[in-house]
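Just below is one structure, and these are the notes that go with it.
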Amino acid sequence: MNARTILFEKHVLAKARMVDFGGWDMPVQYDGIIAEHNRVRTHVGMFDTCHMDAFLIKGDLNPIVSQDLKTLAVGACRYGFLLNEEAGILDDQICYRLGESEWMMVVNASTAPADFAWVSQRIEAQDLRSTQSKIDVQGPDALAEVTRILGLDLSDLKRFRWKRFSNCLVSRTGYTGEDGVEIYATHEAIATFWDKLLANGVLPCGLGARDTLRLEAGLPLYGHEFDLTKSPAEANVMRYASKAESFIGKDALLERAKNLKEQLVAFKLEGRQSARNGQVVKQGDSVIGVVTSGSYCPTIAAAVGFAYVDPRHTVLGSTFSIDNGRALLAATVVESPFYRKK
Amino acid sequence: MMHYTKEHEWVKIEGTGATIGISHHAQEALGDITFVELPPVGKVLKAGDALGVVESVKAASDIYAPISGTVSEVNTQLDGSPELINQSPEDKGWLCKLTKITASDADPLMDAAAYKAFLG
């Protein structure tokens with residue numbers, strides 16, 4: 001049987017459509033993906049992200065992660081990768097600096113058990129799965145609504161900073177391309193927050209909207225843009241690899257960056273028809289790559305996506321076609337993010 | 001009278017012509033429709049032929065002809081407003097019309113009561 005979050009029964013009561021996501025029963029939509037997407041872009045929405053995991057870590061974490069933690073202040077958090085020796089991406093994660101040598105690392109759901117094994121073999125780490133849950137509140141009104149409804153003063157909370165309250169930890173982060181927060185607390189406290197937010201007009205959003213929001217904002221997803229066969233070099237995210245510090249996989253990463261065999265590009269399709277994960281990218285008759293994510297995105301009203309292609313076809317404005325099995329869809333390489341908040 | 005297929009298309013037969021769409025259940029299962037591909041006018045379809053594609057945010061679904069006939073008209077409003085299928089699946093969100101129809105022998109059609117029972 002799949003795992004369930006503390007909020008599972010609430011999703012079922014709200015008549016959410018439930019799906020399997022990395023071994024978890026999660027809501028994919030409540031009243032409709034587009035309505036939920038638009039709610040986050042224009043006002044506020046909340047997400048059950050309890051399936052994600054976090055580790056409490058003590059010691060010198062820098063050699064294990066790609067991001068530079070030496071320059072990270074206590075009270076801040078930073079995005080980066082867990083890489084293996086070949087620079088393959090084990091996971092993408094965010095490290096919160098809780099104290100001088102105390103950290104919280106937040107990781108994806110399906111990769112969490114392997115991540116924990118990898119990390120705990122190398123440093124003192126505690127899996128917070130049994131004690132902690134998380135929700136995301138996202139949208140231009142997210143901070144104001146969390147303050148109004150939960151009574152948390154967020155006025156001094158800057159981007160990629162966190163703040164501890166008596167019953168929770170709040171960071172100004174998210175995965176939607178909008179302003180917003182992630183709230184970490186005990187399972188019981190998270191369930192109470194969810195009920196209070198809902199009772200005060202913050203509506204829930206599912207993984208469907210989370211996916212269109214992150215795609216539109218140009219944010220990669222583990223299992224799609226990232227996996228063990230890819231490194232930050234092919235994925236175009238070298239900015240999250242420290243230049244100053246050494247870390248597992250760094251030597252291999254620098255080698256791979258010199259001789260790219262494929263590279264992630266953002267593309268836009270001519271029509272509203274979507275390309276989908278796994279479809280082949282072609283130039284004439286030759287196969288030059290494969291799609292990793294693709295969807296119609298509501299705010300930009302266009303079908304966009306990501307693909308790994310031969311590095312010779314990554315120049316902005318270059319065109320290729322995507323074979324969906326019945327037709328060739330015309331695509332143009334464009335800049336990511338597809339959407340930037342005003 | 002409306003008839004339905006196991007693949008959740010509906011067909012409304014009037015004389016030798018018919019209108020085709022997808023059922024309320026189908027649009028609900030698909031979610032927000034974002035794109036519709038319809039057959040060219042004049043295309044001759046046999047019952048069971050793929051006649052087009054309906055895409056939602058999450059997935060693409062083939063639509064099959066419930067009966068045989070020739071495409072006489074397509075719902076061009078769906079190009080700019082595919083959400084009509086969600087809003088009015090069994091009326092304004094129709095997909096295409098056929099002429100010179102012949103009844104299906106591949107997939108027996110269900111009336112509304114039988115379709116409701118089929119959905120369970």
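Proteins get letters first, then strands, A, B, ... in listed order; numbering begins at 1 in each.
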Listed by number, the residues in residues 87-98 of chain B that come under 4.5 Å of chain A (heavy atom to heavy atom) are none

For residues A:Gln273 and B:Phe35, report the shortest heavy-atom separation together with the two atoms involved. CD-CE2, 3.2 Å

Can you tell me how far the CZ atom of A:Arg272 sits from the CD atom of B:Glu37, to the nearest 0.5 Å? 14.0 Å

Closest non-hydrogen atom pair between A:Ile33 and B:Val57, with its separation: CG2-CG1, 3.8 Å

Heavy-atom proximity to chain A below 4.5 Å, by part of B:Asn86: neither

Donor-acceptor pairs are to be reported for all side-chain atoms of residues 17-31 of chain A against protein atoms at under 3.5 Å, with residues two or more places apart or in another chain.
{"residue": "A:Arg17", "atom": "NH1", "partner": "B:Ala29", "partner atom": "O", "Å": "2.8"}
{"residue": "A:Arg17", "atom": "NH2", "partner": "B:Glu28", "partner atom": "O", "Å": "2.5"}
{"residue": "A:Asp20", "atom": "OD1", "partner": "A:Asn2", "partner atom": "ND2", "Å": "2.8"}
{"residue": "A:Asp20", "atom": "OD1", "partner": "A:Gly23", "partner atom": "N", "Å": "3.3"}
{"residue": "A:Asp25", "atom": "OD1", "partner": "A:Asn2", "partner atom": "ND2", "Å": "3.1"}
{"residue": "A:Asp25", "atom": "OD2", "partner": "A:Arg4", "partner atom": "NE", "Å": "3.4"}
{"residue": "A:Tyr30", "atom": "OH", "partner": "A:His11", "partner atom": "ND1", "Å": "2.8"}
{"residue": "A:Asp31", "atom": "OD1", "partner": "A:Arg39", "partner atom": "NH2", "Å": "3.0"}
{"residue": "A:Asp31", "atom": "OD2", "partner": "A:Arg39", "partner atom": "NH2", "Å": "2.5"}

By residue number, those in residues 208-217 of chain A with heavy atoms under 4.5 Å from heavy atoms of chain B are A:Gly208, A:Asp211, A:Thr212

Pair count under 4.5 Å, heavy atoms only, with chain A: among B:Ala59, B:Ser56, B:Gly31, highest is B:Ala59

Cut-off 4.5 Å, heavy atoms of chain A, and the answer for B:Val36 is neither

For chain B, which residues from residues 287-305 of chain A have at least one heavy atom closer than 4.5 Å to it? A:Ser295, A:Tyr296

What heavy-atom pair brings A:Ile34 and B:Thr34 nearest, and what distance separates the two atoms? CD1-CG2, 4.2 Å

So does B:Lys116 have more than 12 non-hydrogen atoms from other groups sitting under 6.0 Å from NZ? no

Do other residues, nucleotides or ligands put more than 12 heavy atoms under 6.0 Å from A:Arg340 CZ? no

